[in-house]
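Atoms considered below: every heavy atom in the structure, side chains included; atoms not considered: hydrogens, waters and symmetry mates. If you're wondering where the values come from, they're calculated on a predicted model, not measured in any experiment. Numbered from 1 within each chain, the chains take letters A, B, ... in sequence-line order.
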There are 2 protein chains.
Amino acid sequence: MAIKDNNVSMNLFRDKCKEHNLRITPQRTVIYKELHKSKDHPSADAIFRKARKVFPNISFDTVNRTVLTFAKIGLVNVVEGCGGPKRFDSDTESHHHLRCIKCNRIIDFHNKDYDSMEIPDEIKNKFTVLRKRVCIEGVCSKCR
Amino acid sequence: MAIKDNNVSMNLFRDKCKEHNLRITPQRTVIYKELHKSKDHPSADAIFRKARKVFPNISFDTVNRTVLTFAKIGLVNVVEGCGGPKRFDSDTESHHHLRCIKCNRIIDFHNKDYDSMEIPDEIKNKFTVLRKRVCIEGVCSKCR
DNA sequence: AACTATATAGGAATAATTCCTATTTGTCAA
DNA sequence: TTGACAAATAGGAATTATTCCTATATAGTT
Ligand SMILES: [Mn+2]
Ligand SMILES: [Mn+2]
Ligand SMILES: [Zn+2]
Ligand SMILES: [Zn+2]
């Protein structure tokens, strides 16, 4: 099952790259793999440190440029933080986030009611909606 | 009415400062006034540029330190962005945000249904909730 | 008015991100 | 297969955002 999920997501990666005429490089491949493995919404620097274990002289700029490119083509999302480094999320399905203001952890949660909340028409009319998400801010169990 | 609102909010500012033993300095006063006037969720730098017109040699560090202090005592909120400089909001009442991914504008909207959405107990149990907000991400009318 | 703990200005240091460019490489067509 | 070449990378510089440092000034108290 894990293997199948990986195959599915690596196919998604390859398809999206081809769709946007992006070359499938070893760097992009390892960066996407690390993003897909991470459940903790890593920063570019966190991905850089992991990618480095595979390619010791990959540059930070390559990692940063690549995750931003992935975000641009919709392969990953940049998720809401409060300042600080950008955080990336390879899960593009509808879900929601808890954010701990002490340790900056971003924790996923799923909620059908939240998913199905309608966006008012007056917003849809004047704003092209790409995503809707509930952000709950507070202090996580580890931090109190 | 605007005058009254200003008085109310300046009293809130003074009370909160006294409550936390923060001195009421001219710098803090002008910073809070600018925050309260701004409806666009300014960054520390945006507030700095405005405060400078009143006190030409106020330092950026003072502005930054002060808005972070205000956030700490709950006088303002740091609002969700996606990387980039922190953005501040003097409106601490429940409301929600549209965020334009092109121009980084953060636009307020109010919605009773969103306000009244319950937070599941399993979240409340393991997480100290301070705030809940719906973030809608997309492209604003000016940007398309 | 004097005292003193707190706050500020200004500059330095650090962290996060983006830019620059010589070199390398993935892809495609021969 | 092999070469051609547009695209991507590494490495470092530059830029932007934030935090730290410290001598001086001042708000609030006595
Ligand atoms: Mn997530
Ligand atoms: Mn707001
Ligand atoms: Zn935490
Ligand atoms: Zn816009």
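Distance check, rounded to the nearest 0.5 Å: CD1 of I106(B) to CZ of F88(B) gives 11.0 Å. Within the model, atoms SG of C135(A) and NE2 of H97(A) stand 8.5 Å from one another, a figure rounded to the nearest 0.5 Å.
For dA9(C), the OP1/OP2 oxygens have a side-chain nitrogen or oxygen of Q27(B) closer than 4.0 Å. Here T25(A) reaches the OP1 or OP2 of dT9(D): one of its side-chain N or O atoms lies under 4.0 Å away. Between T62(B) and the phosphate of dA9(C), there is a side-chain N or O to OP1/OP2 separation shorter than 4.0 Å.
Among the atoms of the strands shown, base atoms are found under 4.0 Å from some heavy atom of R65(B). In this structure, N57(B) reaches the sugar-phosphate backbone alone: every heavy-atom distance under 4.0 Å involves primed, P, OP1 or OP2 atoms, never a base. P56(A) comes within 4.0 angstrom of nothing in the nucleic acid, heavy atoms only.
Rounded to whole angstrom, the span from the CG atom of L22(B) across to the P atom of dT8(C) amounts to 9 Å. Following rounding to the nearest Å, N64(A) (CG) and dA17(D) (C1') show an atom-to-atom distance of 14 Å. Atoms CD1 (I58(B)) and C1' (dA7(C)) sit 11 Å apart, rounded to a whole Å. The NE2 atom of H20(B) sits 15 Å away from the P atom of dT6(C) (whole-angstrom rounding).
Of all nucleotides listed (dA8(D), dT18(C), dG10(C)), dT18(C) comes nearest to the side chain of D61(A). The side chain of I24(A) sits closest to dT27(C) out of dT27(C), dG10(C), dA16(C).
Pairs of residues two or more places apart, or lying in two chains, that qualify as ring pair (Phe, Tyr, Trp, His ring centres under 6.0 Å) and include a residue from residues 114-138 of chain A are H96(A)-Y114(A), F109(A)-Y114(A).
Sparse packing is recorded around CZ of R52(B), with 12 or fewer heavy atoms of other residues, nucleotides or ligands lying under 6.0 Å away.
For R23(A) against dA6(D), a side-chain-to-base donor-acceptor contact under 3.5 Å is present.
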